[in-house]
Amino acid sequence: HDGCSCVQGRRTTPSFLTYDDGQLVVGQLAKRGRWRNPSRVIFNAQGLMGVPYNDALRPKYPFPVSSEADSAEEDAAAGGGEGSAAAKKPSGGKAAGVVMDVAGHRLTPREVAAHVVENLTASAEHKLHQPPGYAVLAVPSYFNKAQKAEAHRAVAEGTGVEAVEVIEDATAALVAAKFSGAMGPLEEEHFDRPWCVVDVGGLVTQVRLLLVACRVQRRGRQEGLTLV
């Protein structure tokens, strides 16, 4: 139930990534660099997971965004990078994904997420004095099935930790409030009743009605009502 601060001393880790003199920087330190040079800092990469590339994406981000297929062709022409995820062309007729370029490093959204999760895992290991064995992965409510699968793979690739469950942000917020001690006696007394969770972060504002049982179960959804 005890909270865990990240390696930078904060309770949360922003999903920002950059490179400083060739060294990977993740989290709050990377976020600070966004105001100085936004084209060299990747953020909101999770929104590009499982999304096929199209030219309309370019003006939406200050950092360079290109097609995974184009990146593979450039790497092949340069004679390098065959082992990287960005250098592999999509197969089986699958639409090309997105590749982001920061300080000469080409990364897919899944690779960016893997670096962020790796940073979180290091914080958890520092707190627990041992590597964490499992994780509950919270994703935005607008994620479709393909995006959730990409997020699941990012956890596996970045840390080797098994993601035991993928849940939406609103569900995670309510469960975290329950088990972190953030709720007062009145909220604890009425915890088994339906809750209205307002998510004002990210690109959209959404409302979720949640009913939390004594343990987290798989969700069923009907007409926007989320049951846990």
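Residue numbers count from 1 along this sequence. Model, not experiment: these values are computed from the prediction.
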Asn37 vs Thr18, side-chain contact (heavy atoms from CB on, under 4.5 Å): CA-CA, chis, key distance, verdict: CA-CA 10 Å; Asn37 196 342; Thr18 188; over 6 Å; no
Go through Val26 and Phe16 one step at a time and tell me if the side-chain contact (heavy atoms from CB on, under 4.5 Å) criterion holds. CA-CA 6 Å; Val26 175; Phe16 285 71; over 6 Å; no
Between Glu150 and Arg110 (side chain of the first, backbone of the second, donor and acceptor by atom type, cut-off under 3.5 Å), is there such a pair?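 Absent.
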Evaluate Val166 against Phe143 for side-chain contact (heavy atoms from CB on, under 4.5 Å), listing each step before the verdict. CA-CA 11 Å; Val166 179; Phe143 264 27; over 6 Å; no
How long is the gap from [atom1] on [X] to [atom2] on [Y], to the nearest 0.5 Å?
| X | Y | atom1 | atom2 | value |
| --- | --- | --- | --- | --- |
| His115 | His105 | NE2 | NE2 | 9.5 Å |
| Met49 | Asn144 | CE | CG | 12.0 Å |
| Glu125 | Glu118 | CD | CD | 10.5 Å |
| Ser15 | Leu120 | OG | CG | 7.5 Å |

Contacts of type side-chain hydrogen bond (donor to acceptor under 3.5 Å, both in side chains), residue Asp20, not counting sequence neighbours: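 Counting only residues at least two positions away or on another chain, Asp20 forms no side-chain hydrogen bond (donor to acceptor under 3.5 Å, both in side chains).
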Quick one: list whatever passes side-chain hydrogen bond (donor to acceptor under 3.5 Å, both in side chains) with Asp55, sequence neighbours left out.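 side-chain hydrogen bond (donor to acceptor under 3.5 Å, both in side chains) list for Asp55, sorted by chain: Tyr53.
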Taking all non-hydrogen atoms of both residues into account, name the closest pair between [X] and [Y] and its distance.
| X | Y | result |
| --- | --- | --- |
| Gln28 | Pro14 | OE1-CG, 3.5 Å |
| Gly47 | Gln147 | O-NE2, 3.8 Å |
| Leu48 | Tyr61 | CD2-OH, 3.5 Å |
| Ser39 | Pro64 | O-CD, 3.8 Å |
| Pro52 | Gly50 | CD-O, 3.8 Å |

Side-chain heavy-atom pair [X], [Y] within 4.5 angstrom cut-off:
| X | Y | value |
| --- | --- | --- |
| Val112 | Met100 | yes |
| Phe63 | Ile42 | yes |
| Thr121 | Pro131 | no |
| Gln46 | Pro109 | no |

Within 45° cone and under 6.0 Å: Arg34 NZ/CZ vs Phe43 ring: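 Here Arg34 passes the 6.0 Å and 45° test against Phe43.
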Same cluster or not: are Val65 and Val51 linked, directly or through other Ile, Leu, Val, Met, Phe, Trp or Tyr residues, by side-chain heavy atoms under 4.5 angstrom apart?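 In one cluster with Val65: Val51, no.
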